Undergrad: 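Pasting a structure below so you can have a look.
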Amino acid sequence: MLHNIVNGVSGYIRYRGGIGHYAFVMHRISGLGTLTFLTMHILLESTAHYAPQLYNSLNAVLRSPAGLAAEIFMAFLVIFHGVNGYRIAYFDLFHPALWSHPSAPHSARAVWIVSFLLWLPACAIMILHGLHLI
Amino acid sequence: MAPTAKRRLRIRPGFEVTAWKYMRLSAILLVPLVWFHTIFTTLVVGAENINLNLVAQRWAALGWRVYDVLLLAFAFSHGVNGLRQVLFDFAPSAVTRRALNILLLLFWLLLFVIGAVGILGGVGK
């Protein structure tokens with residue numbers, strides 16, 4: 001059991017697939033992060049039905065600066081997972097040969113660039129909302 | 001192009017093939033579903049303006065409840081199946097995989113029911 005885990009993790013770290021490898025690792029990290037967030041989000045939002053008083057106090061915790069920082073960080077994970085997920089879905093479903101094409105690393109680089117370009121304005125708007133400026 | 005690229009593997013259809021396809025197909029649906037949800041709530045409405053009244057207002061509309069249940073159904077099943085695929089990389093034995101399948105199915109079912117009852121039941125008193 002333990003050696004399977006060690007093997008798996010060291011494979012993630014040692015494999016030298018370049019930017020495509022980082023995209024793979026980041027897809028897993030962002031996916032696990034999003035699932036963790038989603039699980040808490042389901043439990044928190046459903047208190048609106050099961051325990052409305054609890055909903056208000058939990059919501060107040062999320063509106064703290066730490067809550068805002070966590071949401072901004074989550075936004076990047078969700079954006080990256082979506083953009084890279086579209087690359088994976090497009091390649092796998094329509095052009096599987098593209099995975100072994102020399103231009104494949106460019107698509108991984110494009111995913112990082114597009115993700116940052118989408119994240120920066122989202123970041124700005126979330127901070128403005130958090131500071132009650134809009 | 002390498003000649004090996006033309007080699008075709010015969011893949012037996014089954015649950016794992018369906019799960020593989022489901023991840024890609026649900027991804028196509030999830031980007032508009034999730035992004036509209038997050039852009040609307042955090043950028044248009046603003047997270048600091050969200051309170052119980054707003055949730056009650058939204059869930060009063062059938063359309064929003066259907067939207068939220070669809071989001072819950074697709075996002076959470078995509079997420080739990082993704083977790084299953086990650087865990088399978090660390091668990092090659094058939095027995096462990098079977099145990100993981102059962103545990104994750106129960107986890108998915110529990111959270112899905114909690115969420116769906118919450119959305120469809122609306123804001124409590």
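Every chain is numbered from 1, with letters handed out A, B, ... down the list of sequences. Since the model is a prediction, treat every value here as computed from it, not as a measurement.
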Undergrad: For the pair F88(B) and T96(B), evaluate side-chain contact (heavy atoms from CB on, under 4.5 Å) and give the outcome as yes or no after the intermediate values.
TA: CA-CA 9 Å; F88(B) 271 23; T96(B) 321; over 6 Å; no

Undergrad: Quick check for you: among I5(A), V6(A), T47(A), L35(A), which has the greatest number of heavy-atom pairs under 4.5 Å with chain B?
TA: L35(A)

Undergrad: Using 0.5 Å steps for rounding, measure from the CG atom of L93(A) to the CG atom of L25(B).
TA: 5.5 Å

Undergrad: Relative to chain B, which of H132(A), E71(A), M126(A) shows the most heavy atom pairs under 4.5 Å?
TA: H132(A)

Undergrad: What about F94(A) and I88(A), same hydrophobic cluster or not, with Ile/Leu/Val/Met/Phe/Trp/Tyr joined at side-chain heavy-atom distances under 4.5 Å?
TA: yes

Undergrad: May I ask you to name which of I28(B), L83(B), T42(B) has the most heavy-atom pairs under 4.5 Å with chain A?
TA: I28(B)

Undergrad: By number, which residues in residues 76-87 of chain A have some heavy atom less than 4.5 Å away from chain B?
TA: V78(A), I79(A), H81(A), G82(A), V83(A), Y86(A)

Undergrad: What's the separation between atom CG in L128(A) and atom CD in E48(B), rounded to the nearest 0.5 Å?
TA: 10.0 Å

Undergrad: As an exercise, state the distance from CG of D92(A) to CH2 of W99(A), rounded to the nearest 0.5 Å.
TA: 5.5 Å

Undergrad: Do W64(B) and L52(B) belong to the same hydrophobic cluster, where Ile, Leu, Val, Met, Phe, Trp and Tyr are linked whenever their side-chain heavy atoms lie under 4.5 Å apart, directly or via other members?
TA: yes

Undergrad: Is chain A contacted by the side chain of K125(B), its backbone, both, or neither, given a heavy-atom distance below 4.5 Å?
TA: backbone

Undergrad: Can you check side-chain contact (heavy atoms from CB on, under 4.5 Å) on E45(A) and Y55(A), steps first, answer last?
TA: CA-CA 7 Å; E45(A) 296 303 315; Y55(A) 180 89; 3.3 Å; yes

Undergrad: Keeping to residues at least two apart or across chains, list the ring pair (Phe, Tyr, Trp, His ring centres under 6.0 Å) pairs with something in residues 14-34 of chain B.
TA: none

Undergrad: Yes or no on side-chain contact (heavy atoms from CB on, under 4.5 Å) for L62(A) and L44(A), after CA distance, side-chain angles and deciding distance?
TA: CA-CA 10 Å; L62(A) 276 185; L44(A) 194 143; 4.1 Å; yes

Undergrad: Is it true that F90(B) and Y12(A) have ring centroids separated by less than 6.0 Å?
TA: yes

Undergrad: Are L118(A) and V44(B) joined in one hydrophobic group, where the rule is that I, L, V, M, F, W and Y side chains link up if heavy atoms are under 4.5 Å apart?
TA: yes

Undergrad: Can you name the residues of residues 103-110 of chain B that have some heavy atom under 4.5 Å away from a heavy atom in chain A?
TA: F107(B)

Undergrad: Any chance you could measure T38(B), atom OG1, to L71(B), atom CG, to the nearest 0.5 Å?
TA: 9.0 Å

Undergrad: Answer yes or no: are there more than 12 heavy-atom neighbours, outside R98(B) itself, under 6.0 Å from its atom CZ?
TA: no

Undergrad: Using side-chain contact (heavy atoms from CB on, under 4.5 Å), reason through H101(A) and H95(A) one step at a time and then give a plain yes or no.
TA: CA-CA 10 Å; H101(A) 193 271; H95(A) 290 288; over 6 Å; no

Undergrad: According to a hydrophobic-cluster definition based on side-chain heavy atoms being under 4.5 Å apart (Ile, Leu, Val, Met, Phe, Trp, Tyr only), do L70(B) and L29(B) belong together?
TA: yes

Undergrad: Heavy-atom pairs under 4.5 Å with chain A: which of L30(B), V123(B), L43(B) has the most?
TA: L43(B)

Undergrad: Measuring heavy-atom distances to chain A, does V80(B) have an atom under 4.5 Å in its side chain, in its backbone, in both, or in neither?
TA: both

Undergrad: Let me know if H3(A) has heavy atoms under 4.5 Å from chain B in its side chain, its backbone, both or neither.
TA: neither

Undergrad: Listed by residue number, which members of residues 23-30 of chain A have a heavy atom under 4.5 Å from any heavy atom of chain B?
TA: R28(A)

Undergrad: Would you mind checking which part of I134(A) comes under 4.5 Å of any heavy atom in chain B, side chain (CB onward), backbone (N, CA, C, O), both or neither?
TA: backbone

Undergrad: Verify side-chain hydrogen bond (donor to acceptor under 3.5 Å, both in side chains) between N81(B) and R84(B), making sure each step is shown before the conclusion.
TA: CA-CA 5 Å; N81(B) 191 50; R84(B) 199 178 68 91; 2.8 Å; yes

Undergrad: Of the backbone (N, CA, C, O) and the side chain (C-beta and beyond), which part of I114(B) lies under 4.5 Å from a heavy atom of chain A, both, or neither?
TA: both

Undergrad: Keeping Y67(B) on the side-chain end and L33(B) on the backbone end, is there a donor-acceptor pair under 3.5 Å?
TA: yes

Undergrad: Please determine whether side-chain hydrogen bond (donor to acceptor under 3.5 Å, both in side chains) holds for the pair N59(A) and R63(A), giving the CA-CA distance in whole Å, both sets of side-chain angles, and the decisive distance to 0.1 Å.
TA: CA-CA 7 Å; N59(A) 206 30; R63(A) 301 285 74 84; 3.3 Å; yes

Undergrad: What part of I72(A) lies closer than 4.5 angstrom to a heavy atom of chain B: side chain, backbone, both or neither?
TA: neither

